[in-house]
Amino acid sequence: SKSDDGFCSAPSITESDEKTKPIYWKVTNPTLSPSHLQDLPGYTRSVYKRDHALITPESHVFSPLPDWTNTLGAYLITPAMGSHFVMYFAKMKEMSSSDLPPKDTERLVFVVDGAVTLTNTSSSSTKLTVDSYAYLPPNFHHSLDCVESATLVVFERRYERLGSHTTELIVGSTDKKPLLETPGEVFELRKLLPVSLAYDFNIHIMDFQPGEFLNVKEVHYNQHGLLLLEGQGIYRLGDNWYPVQAGDVIWMAPFVPQWYAALGKNRSRYLLYKDVNRNPL
Ligand SMILES: NC(=O)N[C@H](N)C(=O)O
Ligand SMILES: [Mn+2]
């Protein structure tokens, strides 16, 4: 329009739309999905480097998940990158079900879209809806079944035993977890698993208001797999600064310098795998 003359213009974003959508809606409906990029062939924000990777939605490649029925999977982080865990999306379709992870492997599933039913031999079945999760101990018999459709983010790793400690089935949802102390930091923190020694990893849910950022410019031995559930901002990884948004996945190898600042108009929330409680030696 005339009044815009002489100004650098950026496309205006309608926010009313997204306010009415369910939580985490953007993860499965990213604004940079391939259909929005058809006029820019070959463009992706994804990068893969020695100590980190950014895997954005236009690069997610789905294929049938071995041994699951009616389910497409996109492995985003695997030991081929140097991680000791896998992180993948499982897109469950009508009348689909999961298979068990390999022997001695623990599993955490978090629902980002739709609903699934978790069944195991010892208790009745539990419905998992968006924002709920389940931790399945190693060699724990279970099945995830979906009637309509669901998108799960799944983490699996070979359980690292410690003394006689054992882990237990855990079912919960982010909104029921208490806020934890974050000395020296401003973000809000929730942990999906107990902090006790039995658990060799945890999943952190971290919330930042726009303008908030990590105070610590972290460099640490732990590995991370991250899914940005809401919002947008800048992720620093090593000497690289990446604009990121909901739906993006990040692999952080041990010791990669890492820092996040939330931008935009809405809360940033991310889900973060972190190995804990084990001697790195
Ligand atoms: N990149 C991160 O957000 N790291 C976390 N603050 C953590 O290591 O706990
Ligand atoms: Mn960290």
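Indexing begins at 1, ligand by ligand and atom by atom, following the structure's order. Counting begins at 1 with the first residue of the sequence.
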Contact atoms of ligand 1, heavy-atom distance to H204 under 4.0 Å: 9 (O)
Please verify the inter-ring angle class for F110 with Y24; under 30° counts as parallel, over 60° as perpendicular, anything in between as tilted. tilted
Donor-acceptor under 3.5 Å (R157 side chain, D200 main chain): yes
If you count the atoms of ligand 1 from 1 in the order shown, which ones are under 4.0 Å from a heavy atom of Y235? 1 (N), 2 (C), 3 (O)
N222 near the Mn ion (ligand 2): N/O/S under 2.8 Å: no
In terms of side-chain heavy atoms, does H52 have a donor or acceptor partner in Y242 at a distance below 3.5 Å? yes
Atom 9 (O) of ligand 1: the protein heavy-atom neighbour that sits closest, reported with distance to 0.1 Å: K274 NZ, 2.8 Å
Flag side-chain contact, heavy atom, 4.5 Å: I234 against Y260: no
Y270 near ligand 1 by a heavy-atom separation under 4.0 Å: yes
Do Y273 and Q223 get their side chains close enough for a donor-acceptor pair, meaning under 3.5 Å? no
Do K91's NZ or CZ and the ring of F62 fall within the cation-pi criteria of under 6.0 Å and 45°? yes
Can you tell me if T44 and E58 form a side-chain donor-acceptor pair at under 3.5 Å? yes
So which N/O/S atom does E218 have closest to the Mn ion (ligand 2)? OE1
Take every heavy atom of H220, measure it against each atom of ligand 1, and state whether any distance is under 4.0 Å. yes
Tell me whether F208 reaches ligand 1 (any heavy atom closer than 4.0 angstrom to a ligand atom). no
Shortest protein contact, atom 4 (N) of ligand 1 (heavy atom only): E218 OE1, 2.8 Å
Can a side-chain donor-acceptor contact be found between S125 and T117 if the only test is distance below 3.5 angstrom? no
Could you tell me whether R45 and D248 make a salt bridge, using a distance below 4.0 angstrom between a side-chain N and a carboxylate O? yes
Where is the nearest protein heavy atom to atom 1 (N) of ligand 1: which residue, which atom, and how far? Q258 OE1, 2.7 Å
Angle at the Mn ion (ligand 2) (to 10°), with one arm to NE2 of H220 and the other to NE2 of H224: 90°
Applying a heavy-atom cut-off of 4.0 Å, say which part of L272 lies close to ligand 1: side chain, backbone, both or neither. side chain
Heavy-atom pairs closer than 4.0 Å: do any link ligand 1 to the side chain of H224, the backbone, both, or neither? side chain
